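From a predicted model like this one, the values you see are computed outputs, not experimental measurements.
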Amino acid sequence: MDPTLSMMPVPTALRRVSDLYIGLLLSLFLLWTGTGGYETITESKSRMFLILAGAYVVITLILSLELHLVGRWKIPSPKNLWRRSSLTQKLIFAYWVWSGVSTILSQTPAASFFGMGRMEGFLAISLYCLTFLLISAFAKPAKWYLALYGVCISICCVLALFQLAGYNPFTLYPEGMFYQDGFVLYAGKFLGTIGNIDLLSAVLTLSIPLFWVGVLRLKGKKRFLLLIPLILCLTVLLTAYVEGGLLGVFLGALLCLPVVLPKKGRRRRNWTIVVIVVLIFCFVFVYFFGGMFSGFVYEAHELLHGRWDEDFGSGRLAIWEMVMPLIGERPLLGGGPDTLGLRNDLTFERFSETLGIMLTSSVDNAHNEYLNIAVNQGLPALILYLFALLTAAGKWVRRSSLNSIVAILGAAMLGYCIQAFFGLSSIISTPYFWLAFALLVGNHHGETSQNTSYRKKARRKKA
């Protein structure tokens, strides 16, 4: 087992501070919309995250220093801290440092630090990385995390279902407007306590695997209560019909089946064969018959035949085509975190027959989280980030059969990472991914005895 920060003895006080932060992130932050409805939800949620995450980092550091000074806990030296860190933690630290260099050497350092339209500048990235490192070191995953999140995401989904039915609870839409007026009276569509349906889709794509794998892998009758948020999340995602989210949920479920099953051996090999056969069938079906359909299936069919249109993916292909040259302009450091909107003048227009005017929206995000990192923080930052994900994926594949928490968190991350290829990174939704990432990387609690038992059984069987 690789040495990690999570293997160090953790004082109860530090663990409780982590529990408090995680609890607030899963409840207060999720349900908070501010007082201005969807018109100010980005600013309201950004401010809330900065307060919660900033307070967590500061309190944890002060508390660690206090415990060190009174002799109740010894802070490792920088050399030991680095040595005890896992490879994933080192990669995320390097990713953070490189993002800082990108910010300092940016042509617009102030904008890079605070962020532009998405409020995801170096300040937000710092909190992502620092909370990741602290949670992976100090937090111990608990079932109440999943229970609390299940209740709060259910509230979000119930609100979304009322909005889909044509109501405006809590007047989150401006007076006289509803969900159905999206792209008619205003640009975009908004639902629940998250807002933009692409961001809500990202959260749901992360949430749905948490619940169905939880039902599959956890023990006790209470686990079936997870079916309630699971059904609600699926209903909202299917009704809102965000294709990237649907792909993340269903393709992710297919790919993770061989990994999340509780036993290794022949069953895993059989399911791997099934998954490969299904993927080949889907590829052949889309290639030959996808032209008979519409939406994502039709667009995939056209792309497989070498035909494409800038309108594919709701304009995403046009955005990706615009982003590629920008990456080439500053391949090492990018333009600085969250500065894409300052480096392009691409806009999308949609005529509203109801209003008789043209609705215009500018592009401030690559609509692909991986391209977004490359254009804003440089290719080295993207490489560090991807390698960190790969090391976490390796742990997930190796340990899922023995550890239910690892199985659940890895499945959630896989779904999110698939939709991220078409999705938006935002301070509203991304913190949940970093939380799952941190808990997966730091979750070594309770594995030692399981692994030891497994190895003993394997030796007896071999003998």
Side-chain angles (χ1 to χ4, degrees), residues 2-30 48-65 67 73 75-76 81-82 84-96 99 123-149 152 203 206-207 210 385 388-389 391-393 395-396 399 403-406 408-413 416-417 427 429-447:
D2 295 333
T4 63
L5 290 173
S6 61
M7 294 176 65
M8 296 160 43
V10 178
T12 302
L14 293 178
R15 185 163 290 158
R16 286 178 177 173
V17 171
S18 297
D19 283 343
L20 177 61
Y21 167 70
I22 293 170
L24 291 173
L25 193 68
L26 298 177
S27 57
L28 179 62
F29 179 67
L30 176 63
M48 177 63 72
F49 175 74
L50 295 177
I51 292 171
L52 292 178
Y56 170 57
V57 171
V58 171
I59 292 172
T60 301
L61 295 178
I62 293 175
L63 186 57
S64 299
L65 181 60
L67 291 171
W73 189 60
I75 297 178
L81 195 62
W82 183 258
R84 293 182 179 184
S85 299
S86 69
L87 177 58
T88 311
Q89 291 166 327
K90 291 173 182 176
L91 288 168
I92 291 300
F93 180 79
Y95 166 78
W96 175 45
S99 299
L123 178 59
I125 292 172
S126 296
L127 292 176
Y128 294 162
C129 296
L130 290 174
T131 55
F132 167 88
L133 294 172
L134 293 176
I135 290 171
S136 64
F138 300 138
K140 182 178 181 180
K143 289 182 180 180
W144 68 263
Y145 291 174
L146 193 57
L148 176 63
Y149 185 66
C152 294
V203 174
L206 186 74
S207 306
L210 287 176
Y385 180 75
L389 292 180
T391 58
K395 173 182 176 177
W396 175 56
R399 300 176 182 171
N403 190 302
S404 298
I405 299 299
V406 169
I408 293 169
L409 293 170
M413 286 184 61
Y416 183 95
C417 288
I427 200 170
S429 56
T430 305
Y432 300 106
F433 171 76
W434 283 93
L435 174 59
F437 194 5
L439 292 173
L440 173 61
V441 169
N443 179 40
H444 295 273
H445 309 283
E447 287 191 36

Q: Quick one: CD1 on I22 to NZ on K140, what's the gap to the nearest 0.5 Å?
A: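 With rounding to 0.5 Å, CD1 (I22) is 13.0 Å from NZ (K140).
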
Q: Please tell me if the side chains of L25 and F49 come closer than 4.5 Å, counting only heavy atoms from C-beta onward.
A: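 In contact.
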
Q: Please report, to 0.1 Å, the donor-acceptor pairs under 3.5 Å made by any side chain of residues 55-62, with sequence neighbours excluded.
A:
from	atom 1	to	atom 2	distance (Å)
Y56	OH	S18	OG	2.8
T60	OG1	Y56	O	2.7

Q: When Y385 is tested against each of F132, Y95, W96 for ring-ring contact (aromatic ring centres under 6.0 Å, His included), which residue passes?
A: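 The residue from F132, Y95, W96 that satisfies ring-ring contact (aromatic ring centres under 6.0 Å, His included) with Y385 turns out to be Y95.
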
Q: A side-chain contact here means heavy atoms from C-beta on lying under 4.5 Å apart; do I405 and L439 qualify?
A: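 Side chain of I405 against side chain of L439, heavy atoms only: no contact under 4.5 Å found.
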
Q: With sequence neighbours excluded, tell me which residues meet side-chain contact (heavy atoms from CB on, under 4.5 Å) with A392.
A: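 By the side-chain contact (heavy atoms from CB on, under 4.5 Å) rule, A392 matches F437, L440, V441.
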
Q: Check S136 against Q89 and note the closest heavy-atom contact, atom names and distance.
A: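 For S136 and Q89, the tightest heavy-atom pair comes out as OG-NE2, 2.9 Å.
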
Q: Run the side-chain contact (heavy atoms from CB on, under 4.5 Å) test against T430 and tell me which residues pass, sequence neighbours left out.
A: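 Scan of T430 (side-chain contact (heavy atoms from CB on, under 4.5 Å), adjacent residues dropped) gives E120, Y128, Y416, S425, W434.
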
Q: Is a donor from one side chain sitting under 3.5 angstrom from an acceptor on the other, for S64 and W73?
A: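 No, no side-chain donor-acceptor contact under 3.5 Å.
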
Q: How long is the straight-line distance from CG of L435 back to OG1 of T131, given to the nearest 0.5 Å?
A: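 Going from the OG1 atom of T131 to the CG atom of L435 covers 8.0 Å.
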
Q: For F93, look at atom CZ and say whether over 12 heavy atoms of other residues, nucleotides or ligands are found less than 6.0 Å away.
A: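 No.
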
Q: To the nearest 0.5 Å, what is the distance between CG on L146 and OG on S207?
A: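 If we round to the nearest 0.5 Å, L146:CG and S207:OG are 10.0 Å apart.
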
Q: What's the shortest heavy-atom distance between G23 and L148, and which atoms?
A: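 What the structure gives for the nearest pair is O-CD2, 3.5 Å.
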
Q: Hey, could you give me the CE/CD1 distance between M48 and I427, rounded to the nearest 0.5 Å?
A: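 One finds 12.0 Å between CE of M48 and CD1 of I427.
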
Q: Please report the shortest heavy-atom distance between D19 and W144, naming the atom on each side.
A: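 Scanning both residues, the minimum pair turns out to be O-CH2, 3.5 Å.
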
Q: Using the side-chain contact (heavy atoms from CB on, under 4.5 Å) criterion, which residues pair with C417? Sequence neighbours excluded.
A: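 C417: side-chain contact (heavy atoms from CB on, under 4.5 Å) contacts with Y370, L389, F433.
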
Q: Can you list everything that forms a ring pair (Phe, Tyr, Trp, His ring centres under 6.0 Å) with Y149? Sequence neighbours excluded, please.
A: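 Counting only residues at least two positions away or on another chain, Y149 forms no ring pair (Phe, Tyr, Trp, His ring centres under 6.0 Å).
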
Q: Which heavy-atom pair separates K90 from S85 by the least distance, and what is that distance?
A: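 Looking at all heavy atoms of both residues, the shortest contact is CE-O, 3.4 Å.
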
Q: Can you sort out the partners of L65 under side-chain contact (heavy atoms from CB on, under 4.5 Å), two or more places apart, ordered by chain and number?
A: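 Once residues adjacent in sequence are excluded, the partners of L65 under the side-chain contact (heavy atoms from CB on, under 4.5 Å) criterion are L69.
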
Q: Between V17 and L63, is there a side-chain heavy-atom distance shorter than 4.5 Å?
A: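 Answer yes - side chains close enough.
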
Q: For the atom pair CD1 (I408) and CG (N403), what is the distance rounded to the nearest 0.5 Å?
A: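 The CD1 atom of I408 sits 9.0 Å away from the CG atom of N403.
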
Q: Start with the C-alpha gap between L26 and L30, add the side-chain angles, then the distance that decides, and say whether side chain to side chain contact (heavy atoms under 4.5 Å, CB included) holds.
A: CA-CA 6 Å; L26 298 177; L30 176 63; over 6 Å; no

Q: Which pair of non-hydrogen atoms, one from R84 and one from P76, has the smallest distance, and what is that distance?
A: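 Answer, listing the atom of R84 first, then P76: NH1-CG, 4.3 Å.
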
Q: Working to the nearest 0.5 angstrom, can you tell me the gap between K143 NZ and S404 OG?
A: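 That separation rounds to 8.5 Å.
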
Q: Report yes if the side chains of Y432 and F29 come closer than 4.5 Å at any heavy-atom pair, otherwise no.
A: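 Heavy-atom side-chain distance check passes, below 4.5 Å.
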
